[in-house]
A.B. asks: 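Quick one: structure below, then a few questions.
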2 protein chains.
Amino acid sequence: MAITVNQIAEKCGVSRTTVLRALNDRGSVGKETRERILAVAKEYNYRPNLLARSLNHGRTMSLGVVTINIENMYFVQSLNIINKEADKRGYFTNIVVCDESLDWEKKLIQGLADRQMEGILISPINKGKEFEEFLLSLHIPIVCIGNQVSDAITTVQVNEMTAAMESVDLIVSKGYERVVFICPPLAVKEKENIYVHEQRLLGFRTSVAKYPELESAVIGNTDYLPDVKCVIKEGREKRTAFLCSGDSYALNVMRWGQQNGMSIPKDYGLMGFDNINILEFISPKLTTVSTNLEGVAVTAVSELLAQIDSEEYSPKAIYLNYKILDRETL
Amino acid sequence: MAITVNQIAEKCGVSRTTVLRALNDRGSVGKETRERILAVAKEYNYRPNLLARSLNHGRTMSLGVVTINIENMYFVQSLNIINKEADKRGYFTNIVVCDESLDWEKKLIQGLADRQMEGILISPINKGKEFEEFLLSLHIPIVCIGNQVSDAITTVQVNEMTAAMESVDLIVSKGYERVVFICPPLAVKEKENIYVHEQRLLGFRTSVAKYPELESAVIGNTDYLPDVKCVIKEGREKRTAFLCSGDSYALNVMRWGQQNGMSIPKDYGLMGFDNINILEFISPKLTTVSTNLEGVAVTAVSELLAQIDSEEYSPKAIYLNYKILDRETL
DNA sequence: TTGTAAGCGTTATCAT
DNA sequence: ATGATAACGCTTACAA
């Protein structure tokens, strides 16, 4: 349907080289010829076929981004930032969504590679040696966001471990005697990449060890509300706080509490992770950790482009700052 | 970096035609030759360059989707469905995000067209004759979701107008004597495509006219909370309900009410539109209109593919069913 | 000022 | 069973 350089050339009775020269303002073209060419190009709304151009140049100037379902909405929020940042450097951003299936993720990554994306950004749910080899076999620059796959692939993240440690410190400083870490992803630990959550758990464990009197527990079920109920029932005398490895879990706990006539932070403390943007609609305001989406996104893009541009690139693990948001639920 | 058919051919000392035959299991190849070829292909992890293949075939088997910022999160929710549906029919889905700028939207659409997407799905924020001509000049199948651009371009939507009418009916049936339509997008009506909201407004106006005793008003400011405050103050004697052209506006009103010690539906009624998925975290449960995301997404894809496949296609306006969700705020 | 020719990686047709 | 050739649309070097 679209007109090509060859067709313009034919219509104008010149060679396609001449047409190109007129179109791209390169080299010299007879004034009258140029005008004729430009007129035809305009009339038929000529646009260069980027597939052909890319094939020729060996460059697509496109990045691929694999993103997940809105469950982990915090990643969706980065898309705009990634897009803008890539555009600044002249790259087009192609996003694909992966509905939380391990196979789909691989399939989509392969699809992006087959379409000659020059680099891929991903917050992977796959993990392990096999996946690592799969990624490396693509021979394409890749940057992971949050979830690490291996040392051989650059990962950009905030320091989740120290964030969890500081969170526990905050909880203790507020006088809580018992702290429970809620981390449903632990249930799929064997299969899926939950690196981010594991780092948080590690921080939790490490920090808790510093406080001998502090009672602590970890809930790692998908169906965590019953456990929360138990915890609250069995120890009314101790002031208890829940540290949730994700705001949405905290919101579920909050809703459950409200339905059962409990109030926060009077009856129990609550803290989340991620600072997802729907929090603004929720009250009380959830105390949480802001994971610096913007910084992570910008860094990830710039690191990816660095990798694309340089011959010799060494993979890195990059940690950015987070921010504890001490609001109303502790 | 990636190996090509030509390189395999050279390595194996055969022509690329033979390599192709072995790789694609088409035609006959000597057993020993085939094995040699397959071995090399595997060793170097051969993958066909889809740019080249598409150029040759004249088909990319890819769809483009232009989506907006998470503000209008309900569209983000469709992405998965679109993706799955397209995949079923053998298409790859490329998503680009547009941070609510009119120019970016055009730029991105053009980018998708230049990359030879076979069809484009979009819920446009641009409008008007010039934009229509821009879209038509692309000579690519396009389907709009929600916001209509013109008769010449297929639009898939729910019948927002009758949904708004029914909403008013519901409000009246609950005994409200005054109903206020909150529609901030009206503030950008001149510049942006807010077709969906205009349809809702139209339904509101039409339905209100049926009830002579019903008092009604429309708030069309971006900064609507002050107006809400006024409305509530000036008419305490009349039972008032707010119908919001979008759940997020309703949530803001709800939050404001909670901060001012008012309770729903005792002090005022509240109803939204869209049934965005964060509602599950909010209490009281917002009464709203479910806009059948899944149906719209599936229909849009299938209509787009129909358009791609058929020589003669007539643009349509397709209306799907919605559902009034009568919950706790009226 | 203009044109020819080769190439990007794949595929399809026709020949050997 | 294998190969040569042209084509997709664009670009670049090298003539004329």
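Everything numeric here is computed off the predicted structure, so don't read it as measured data. Per chain, numbering begins at 1; letters A, B, ... match sequence-line order.
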A.B. asks: Any base atoms under 4.0 Å from L20(A), or only sugar-phosphate, or nothing? Heavy atoms, all strands.
C.D. replies: base

A.B. asks: Could you go through the side-chain hydrogen bond (donor to acceptor under 3.5 Å, both in side chains) check for Y195(B) and T155(B) one step at a time?
C.D. replies: CA-CA 11 Å; Y195(B) 181 83; T155(B) 309; over 6 Å; no

A.B. asks: Decide yes or no, distance alone: a donor-acceptor N/O pair under 3.5 angstrom between the base of dG3(C) and the side-chain of R21(A).
C.D. replies: yes

A.B. asks: Counting only side-chain N and O atoms of T33(B), is one of them less than 4.0 Å from OP1 or OP2 of dT2(D)?
C.D. replies: yes

A.B. asks: How close or far is atom C1' of dG3(D) from atom CD1 of I8(B), stated in whole angstroms?
C.D. replies: 17 Å

A.B. asks: Any Lys/Arg nitrogen of D25(B) or R34(B) sitting under 4.0 Å from an Asp/Glu carboxylate oxygen of the other?
C.D. replies: yes

A.B. asks: Would you mind telling me which of dT11(D), dG3(D), dT11(C) lies closest to the side-chain atoms of N56(A)?
C.D. replies: dT11(D)

A.B. asks: NA contact type, R34(B), heavy-atom cut-off 4.0 Å: base, sugar-phosphate, or nothing?
C.D. replies: nothing

A.B. asks: Of all the choices, dC10(D), dT10(C), dA12(C), which nucleotide is nearest to the side chain of R26(B) once you look at every atom?
C.D. replies: dA12(C)

A.B. asks: On DNA chain D, nearest-nucleotide positions of K31(B) versus A52(B): which is more 5'?
C.D. replies: K31(B)

A.B. asks: Please pick, from dC10(D), dA4(D), dC8(D), the nucleotide with the shortest atom-to-atom distance to any side-chain atom of T17(B).
C.D. replies: dA4(D)

A.B. asks: For S302(B) and T299(B), does a side-chain donor sit closer than 3.5 Å to a side-chain acceptor?
C.D. replies: no

A.B. asks: May I have the distance from M61(B) (atom CE) to dT10(C) (atom P), rounded to whole angstrom?
C.D. replies: 19 Å

A.B. asks: If you look at every strand shown and take non-hydrogen atoms under 4.0 Å, does G58(A) touch a base, only sugar-phosphate, or nothing?
C.D. replies: nothing

A.B. asks: Between H57(A) and dT12(D), does any side-chain N or O lie under 4.0 Å from OP1 or OP2?
C.D. replies: yes

A.B. asks: Base, sugar-phosphate, or nothing: which does N49(A) touch, judged by heavy atoms less than 4.0 Å apart?
C.D. replies: sugar-phosphate

A.B. asks: With a 4.0 Å cutoff (strictly under), does any side-chain N or O of S15(A) reach OP1 or OP2 of dT2(C)?
C.D. replies: no

A.B. asks: Base, sugar-phosphate, or nothing: which does L50(B) touch, judged by heavy atoms less than 4.0 Å apart?
C.D. replies: nothing

A.B. asks: When you check the gap from the basic side-chain N to the acidic O, do D309(A) and R89(A) get nearer than 4.0 Å?
C.D. replies: no

A.B. asks: Quiz question: going by heavy-atom distance under 3.5 Å, is there a donor-acceptor pair between the base of dT2(C) and the side chain of R16(A)?
C.D. replies: no

A.B. asks: Within 45° of the six-membered ring axis of F131(B) and under 6.0 Å from that ring's centre, is NZ or CZ of K106(B) located there?
C.D. replies: no

A.B. asks: Which nucleotide in the set dG9(D), dG3(C), dG9(C) lies at the smallest distance from any side-chain heavy atom of T4(A)?
C.D. replies: dG9(D)

A.B. asks: Using heavy atoms to find the nearest nucleotide of DNA chain C for S28(A) and L55(A) separately, return the residue whose nucleotide is more 5′.
C.D. replies: S28(A)

